[in-house]
Amino acid sequence: MSKRNVVVGISWPYSNSNLHIGYIASSLSGDILARYHRMKGDDVVMVSGTDSHGTKMEIRAKAEGCSPKDIADRYDQNFREALKAFSFSFDKYSITYDKFHKEKCKEFFIKLFENGYIVPRTEKRTFCTTCNKFVADTEIKIVCPVCGKETKADNCDCGYVPVEKDLEGATCLICGHKTELRENSILVFRLSAFKKQLKKLLDDNKDIWRANSVNETKKYLDKLIDRDFSRDLAWGVEVPIAGYEDKKVWVWYEALLGYITDTMELGEEQGFDWQRFWKTNVEPDREKIVYMCHAKDNIMFHSIMLPAMLMGLKDNFYTNIHMVSAEYLTMNDVKISKSQGNGFEALEMSKRFDTDSLRFHFALNGPEKKDANFTLDTYAVTHNSDVVNKFANLINRTLKFKGLETLPEGIVDENVYNRVKDIYNIVGDCIEKTEIKKATSEILDLIMETNRFFDDQKPWAQFKEDDKTSFNNTIFTCAFVLANLTNLLEPIMPKTTEKLRNFLQIDSKPTWELICVKPNISLDKVEPLFSRI
RNA sequence: CGCGGGGUAGAGCAGCCCGGAAGCUCGUUGGGCUCAUAACCCAAAGGUCGUGUGGUUCAAAUCCCACCCCCGCAACCA
């Protein structure tokens with residue numbers, strides 16, 4: 001198969017709290033896709049970064065008496081450590097206050113303005129006369145006209161979403177004084193202009209998108225409205241249009257373009273043309289894939305906003321985004337003890353448990369099509385039963401067979417051989433359809449089948465009966481499966497497969513194709529890979 | 001009547017698009033094995049598939065309708 005140009009974009013975590021294990025669960029599919037495509041020989045860029053701007057950052061900085069950047073840096077460090085601990089194989093992980101990113105975002109903004117897709121408009125906005133500035137809905141409180149309770153103005157717990165007239169006479173949360181509605185100059189992105197193109201995009205892709213993406217996108221397409229791309233903030237990417245110098249761009253505008261700016265910067269660093277991955281007219285004969293991995297609350301931004309922005313640039317951008325939208329990882333047990341701080345921060349989890357085994361758990365039990373509840377008990381079951389008892393035990397009973405010092409030479413069982421040969425396509429198809437859960441389950445099936453094969457052959461009896469040939473064939477066949485598991489499991493459990501490759505003295509890089517195992521290698525390095533919890 | 005995802009043995013899930021004898025893992029019970037981290041293998045028990053004495057059909061977990069519950073969205077939180 002010919003090489004493909006693959007972008008894996010993972011949603012940008014927001015820098016106002018430590019990275020949560022749920023982020024790992026919903027983003028893992030991205031790392032699996034990237035690793036798989038690299039093994040297939042495709043050119044891959046896997047990108048993301050820390051989303052560091054926005055209203056919340058300013059509010060927090062004020063509350064904590066530091067700069068928004070201080071807060072961003074604090075969490076950015078946490079994100080990087082956690083993502084590294086979980087073996088996320090980013091080609092580029094940046095941060096949105098980075099100069100390169102800001103400059104490119106401004107260039108794109110000007111382009112959209114020149115193309116007539118960003119236009120000036122005047123609208124009434126909440127103005128605090130005491131603070132002397134326009135304030136965001138989340139910075140003011142109102143009395144909800146539906147339930148009668150006091151609430152922040154962006155939305156009420158009762159479900160009501162306030163409209164403009166409800167904001168009349170709202171109270172500023174910063175200074176406590178009344179606000180008023182004032183005319184404000186804003187810059188609007190004409191999202192509604194892309195309705196037809198976005199509908200076609202959905203039509204073209206609805207068979208491979210997950211159901212939640214398709215339906216959620218449909219909902220917005222029916223009534224697309226233009227969006228305010230400017231914000232009255234001090235912290236962010238400056239609006240590069242004359243007359244709007246005191247404003248910043250909407251965080252989503254620039255965070256979404258981060259996928260592009262990351263690729264551009266990576267291209268400069270590594271000396272390749274970033275357009276290979278994003279432009280239809282560059283390497284047009286190569287298939288392109290752009291995966292966007294995120295949780296369900298992010299759907300419309302990736303399926304509508306980003307493609308619309310790329311279309312608006314009118315520069316041959318590839319917009320056939322492959323939506324990989326996860327549901328939510330919930331933690332019922334955790335909500336109870338949240339006030340005491342819970343142990344479900346990603347970095348903390350990485351220190352308490354084996355990260356490969358957690359990756360395996362999320363690949364098998366993650367929120368792929370519906371919310372998944374995470375508890376330590378259910379994780380312990382996956383770890384002890386699937387990872388240790390089934391997989392690690394297969395390694396040990398094969399490679400640490402009593403008295404075995406070197407791997408005997410034998411003939412691989414024909415049925416096992418064919419099964420292993422076929423499973424590459426089966427698992428590969430699942431991964432390319434972003435059915436990670438099914439892919440993982442297929443691999444687990446192979447492991448269980450191999451344990452069954454082992455039992456059926458009874459190598460302990462073959463060994464005693466001095467049926468050396470049969471014994472050698474049995475062990476060699478199982479070792480052959482293990483060797484191929486170092487490939488098949490590489491996208492899911494990269495640290496473990498590296499250790500197993502080491503045991504089997506496999507020197508070549510992992511590839512998505514059948515490999516053989518070397519006979520007569522020493523087995524004295526083999527040791528247990530996991531401990532039970 | 002706002003929109004979307006979900007509700008399947010004690011637990012966690014698959015099956016639903018495209019209707020055709022309810023599957024998988026864990027747990028439980030019984031048996032086997034002794035290579036392996038008390039791991040592995042075989043077998044059994046366990047479900048009116050959220051509710052409906054609702055519709056379509058020869059046939060419904062699957063299609064249609066009504067209702068209930070959990071989660072998300074609802075465009076200035078990101």
Side-chain angles (χ1 to χ4, degrees), chain A residues 11-16 51 53-57 59 123 125-126 134-140 152-155 159-162 167 186 191 207 210-220 222-228 230-233 250-252 255 295-301 304-305 325 327-328 330 332 364-365 367-373 375 377-382 384-386 388-390 392-404 437-438 441 444-445 448 451-464 471 474-475 478 527-532:
Chain A
S11 63
W12 294 48
Y14 194 51
S15 58
N16 72 338
D51 185 4
H53 292 137
T55 313
K56 276 187 185 174
M57 298 300 290
I59 296 173
E123 280 187 11
R125 288 294 147 97
T126 313
F134 286 96
V135 285
D137 288 355
T138 144
E139 293 176 296
I140 54 174
K152 283 188 184 180
D154 50 351
N155 64 56
Y160 178 72
V161 181
L167 305 180
I186 61 172
L191 184 59
D207 292 338
R210 290 184 180 165
N212 57 1
S213 308
V214 173
N215 291 320
E216 187 75 8
T217 302
K218 245 183 221 163
K219 173 176 85 180
Y220 283 93
D222 288 338
K223 35 182 176 178
L224 275 183
I225 62 172
D226 298 342
R227 302 274 309 227
D228 181 356
S230 59
R231 292 290 184 277
D232 295 281
L233 288 172
W250 182 40
V251 280
W252 269 110
K296 60 180 165 184
D297 54 344
N298 263 240
I299 290 173
M300 77 82 84
F301 298 104
I304 292 185
M305 289 302 310
S325 313
E327 292 288 313
Y328 264 28
T330 62
N332 291 346
L364 190 62
N365 302 302
E368 191 167 299
K369 287 180 183 163
K370 59 182 174 187
D371 292 352
N373 189 33
T375 66
D377 285 348
T378 54
Y379 164 59
V381 169
T382 307
N384 288 331
S385 173
D386 295 332
V388 179
N389 293 354
K390 294 192 177 100
N393 183 47
L394 177 63
I395 298 171
N396 284 341
R397 68 197 305 212
T398 303
L399 303 182
K400 293 303 265 182
F401 195 96
K402 195 160 72 180
L404 205 63
K437 195 176 264 207
K438 186 143 183 268
S441 163
L444 191 55
D445 282 348
M448 291 191 284
N451 269 320
R452 242 168 265 145
F453 172 83
F454 194 103
D455 272 84
D456 290 346
Q457 297 299 310
K458 300 183 175 57
W460 55 90
Q462 294 169 331
F463 192 75
K464 274 183 194 151
F471 173 81
T474 303
I475 297 296
C478 291
E527 56 182 30
L529 293 174
F530 304 93
S531 33
R532 304 169 62 78

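Lettering follows sequence order; numbering is per chain, from 1. Note: hydrogens, waters and symmetry copies are ignored here, and every other heavy atom, side chains too, is used.
In the set B:rA78, B:rG15, B:rU25, the nucleotide with an atom closest to the side chain of A:Asp386 is B:rU25.
Place A:Ala136 and A:Leu444 on RNA chain B by their nearest nucleotides, and A:Leu444 ends up nearer the 5' end. Two residues, A:Lys56 and A:Lys437, neighbour RNA chain B, and the one matched to the more 5' nucleotide by heavy-atom proximity is A:Lys437.
Distance A:Tyr379 OH to B:rC13 P: 17 Å, rounded to the nearest Å. Atom CG of A:Asn365 and atom P of B:rA11 are 16 Å apart (whole Å). Put simply, CG on A:Asp137 is 6 Å from P on B:rC77, counting in whole angstrom units. If you take CD1 of A:Ile59 and P of B:rC77, they are 10 Å apart, rounded to a whole angstrom.
Residues A:Arg397 and A:Asp455 are paired through a salt bridge, judged by an N-O separation under 4.0 Å between the basic side chain and the carboxylate.
Of the side-chain N and O atoms in A:Thr55, one or more sit less than 4.0 angstrom from OP1 or OP2 of B:rA78.
Using a 4.0 Å heavy-atom criterion, one finds that A:Trp12 contacts no nucleic acid atom at all.
Between A:Leu364 and A:Asp386, the closest side-chain pair of non-hydrogen atoms falls below 4.5 Å.
Scored by the ring pair (Phe, Tyr, Trp, His ring centres under 6.0 Å) test, A:Phe134 finds A:Phe127 as partners (sequence neighbours excluded). By the side chain to side chain donor-acceptor pair (under 3.5 Å) test, A:Asp232 is found to be paired with A:Asn184, A:Lys247, residues two or more places apart in sequence or in another chain being considered. For A:Asp228, the side-chain contact (heavy atoms from CB on, under 4.5 Å) partners two or more places apart in sequence, or in a different chain, are A:Arg125, A:Ile186, A:Ser230, A:Arg231. For the side-chain contact (heavy atoms from CB on, under 4.5 Å) test, residues two or more places apart in sequence or in another chain that qualify with A:Tyr220 are A:Glu216, A:Met300, A:Ile304.
Stem analysis of RNA chain B (at least three stacked-register Watson-Crick or G-U pairs, each with both distances under 3.5 Å) gives B:2-7 with B:68-73, B:10-13 with B:23-26, B:28-32 with B:40-44, B:50-52 with B:65-67.
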(request) Treat primed atoms plus P, OP1 and OP2 as sugar-phosphate and everything else as base, then score nucleotides 35-41 of chain B 5' to 3': B for base contact with protein heavy atoms under 4.0 Å, S for sugar-phosphate contact only, - for none. (result) BBB-SBS
